Structure formats: C-alpha cells, structure tokens
Asks: 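Can you keep this structure in mind? I'll have questions shortly.
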Amino acid sequence: MHLKTTKCNIFCLVATPVDHEIFSRPQIREQFEALFRAFDPSTSFQFFKSFRRVRINFTDALAAAEARVKLHKSDFNGKEMRLYFAQSVHIGSPRLEPPKPEKQFLISPPASPPVGWAQSQDARPGINYDLLRAVSKLGPGEQYELHTGTTNTPSVIVHVCEDDSSDSEDETGEGGIRARPKIIQTRRPDYVPSVNQ
C-alpha cells in the first residue's frame with residue numbers, strides 16, 4: 001500500500017481552533033452554522049470535539065471558496081477562526097501487498113541458501129605453546145607463579161593437585177572417605193594510601 005497523491009477537497013472546509021462552547025451550547029452552535037449557511041443553505045457539519053475542529057461540507061465549490069475568503073481569520077465568539085480546505089488522500093491499492101521476493105529470505109529463511117552463498121571457514125585456534133610447556137613441566141604438589149606480585153597487586157600462583165594414586169591414612173577420614181584438601185588463601189597486600197596527606 002503506497003501513497004499516491006494528496007489533493008484538496010474543494011467542497012469541504014475545516015475550521016480550527018474552535019471554541020469548546022460550540023460543542024456544549026446549542027445557541028453558539030446555531031450561530032456558527034448560520035455563518036456558513038449564508039453561503040450555501042444545504043451545508044452539513046461534522047463536529048470533532050476532541051480535536052477542536054469542525055468539518056463543513058458544501059454542495060457547491062464556489063460557495064466553499066467564498067466562505068473561506070470571507071470568514072478566514074475572522075472573529076467568532078471572541079476567538080480567531082481559521083479555515084482550511086480539507087485534504088483527501090488517494091491510496092494506490094486498498095489491500096496490503098506482500099513484500100518483494102528478493103527480500104523474503106531476510107524475513108523467513110528459505111529451504112536452500114541464496115545463490116552465491118558460501119560457508120565461512122572457521123578461524124584456526126590460537127595455541128600458547130609457552131603456557132602448555134610450563135604446565136607440562138609441573139608435577140604433583142608443585143606450584144607455578146604466573147604473575148609476580150608488587151606492592152599494589154598480589155601474585156598469581158598455580159598449585160597443581162596431588163597425585164590420586166598416593167592414598168595415605170592421614171588424608172582419609174571416617175568411613176574411608178577422602179577429606180577435602182584445605183584451600184590456601186592468598187594474602188591480601190597491605191594497604192598503601194595513594195594520596196599523601
């Protein structure tokens with residue numbers, strides 16, 4: 001559905017902004033209608049209270065044009081009234097058209113890939129041989145320092161687990177269940193104020 005043209009309807013005027021008393025008081029409404037019936041006695045009105053507008057439908061285009069020329073920016077009930085020709089919109093098709101075929105695979109993927117599509121090759125994994133060599137040299141119970149600590153940062157040390165084949169009596173608890181190893185906590189570095197007071 002696409003918009004073709006927007007044309008002025010030469011038989012209809014729209015009055016804006018309209019005083020709220022036109023919608024609530026019949027005497028004011030009759031005075032308002034009398035202004036336009038002087039140009040065309042068979043004029044009809046449509047009142048849109050929420051928009052504060054009135055649509056005035058004439059049977060003669062010349063009467064509508066004359067009313068617009070004489071009453072535009074005139075005073076009615078203490079307010080300036082503005083008159084505009086109503087616009088009618090002409091739409092190309094009353095039904096919604098489906099999307100173009102070349103865009104359909106973006107909305108719903110087709111059963112087969114589009115023409116010219118090729119699968120991308122996976123990138124080769126990055127292997128850190130220095131880290132693998134350092135880990136392979138570690139034996140059970142040894143530790144390896146990854147990052148040396150400074151006065152403001154802690155050191156990072158890797159502790160390799162003990163070998164499972166060595167079962168000793170002091171590691172097993174009641175019922176032959178192996179006790180959990182104690183985790184050694186890394187000591188937090190001492191606080192050093194960064195701002196001298």
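For the numbers below, each heavy atom of this structure counts, side chains included, while hydrogens, waters and symmetry mates do not. These numbers come from a predicted model, not from an experiment.
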Asks: Please round to the nearest 0.5 Å and tell me the distance separating atom NZ of K70 and atom CG of L35.
Replies: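 One gets 12.5 Å once the value is rounded to the nearest 0.5 Å.
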
Asks: Flag the pair V54 / Q46 as yes when at least one side-chain heavy-atom distance between them is below 4.5 Å, and no otherwise.
Replies: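 They are not in contact (no side-chain heavy atoms under 4.5 Å apart), so the answer is no.
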
Asks: Drop me the distance from R55's CZ to C12's SG, to the nearest 0.5 angstrom.
Replies: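 If we round to the nearest 0.5 Å, R55:CZ and C12:SG are 3.5 Å apart.
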
Asks: To the nearest 0.5 Å, how far apart are CZ in R187 and OG in S155?
Replies: 10.0 Å

Asks: Count I, L, V, M, F, W, Y as connected when their side-chain heavy atoms are under 4.5 Å apart, and connections chain through other members. Are F76 and V14 then in the same cluster?
Replies: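 In one cluster: no.
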
Asks: Using every non-hydrogen atom in the two residues, find where A67 and L83 come nearest and quote the distance to one decimal.
Replies: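 Scanning both residues completely, I find the closest heavy atoms to be O-CD1, 3.8 Å.
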
Asks: Hey, could you give me the CE/CG distance between M81 and D75, rounded to the nearest 0.5 Å?
Replies: 9.0 Å

Asks: Could you give all pairs that pass the salt bridge (charged side-chain N to carboxylate O under 4.0 Å, His left out) test and reach residues 33-54, with sequence neighbours left out?
Replies: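 As it turns out, the salt bridge (charged side-chain N to carboxylate O under 4.0 Å, His left out) pairs with a partner in residues 33-54, which skip direct neighbours, are E33-R37.
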
Asks: For residues P154 and R188, determine if any side-chain heavy atom of one lies less than 4.5 Å from a side-chain heavy atom of the other.
Replies: no

Asks: If you compare all heavy atoms of I22 against all heavy atoms of R29, which two are closest, and at what distance to 0.1 Å?
Replies: O-NE, 3.3 Å

Asks: Would you call R68-E66 a salt bridge at under 4.0 Å N-O?
Replies: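 No.
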
Asks: How many angstroms lie between NE2 in H20 and NZ in K79, if you round to the nearest 0.5 Å?
Replies: 7.0 Å

Asks: Show the nearest heavy-atom pair for residues F11 and T59, with the distance to one decimal.
Replies: CE2-O, 3.5 Å

Asks: How long is the gap from CD1 on I157 to OG1 on T186, to the nearest 0.5 Å?
Replies: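 Between atom CD1 of I157 and atom OG1 of T186 there are 7.0 Å.
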
Asks: Indicate the atoms forming the closest heavy-atom contact of A15 with I56, along with that distance.
Replies: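 Scanning both residues, the minimum pair turns out to be CB-CD1, 4.0 Å.
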
Asks: Please list all pairs passing the ring pair (Phe, Tyr, Trp, His ring centres under 6.0 Å) test where one or both residues lie in residues 33-63, with sequence neighbours left out.
Replies: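 Ring pair (Phe, Tyr, Trp, His ring centres under 6.0 Å) check on residues 33-63 returns F32-F36.
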
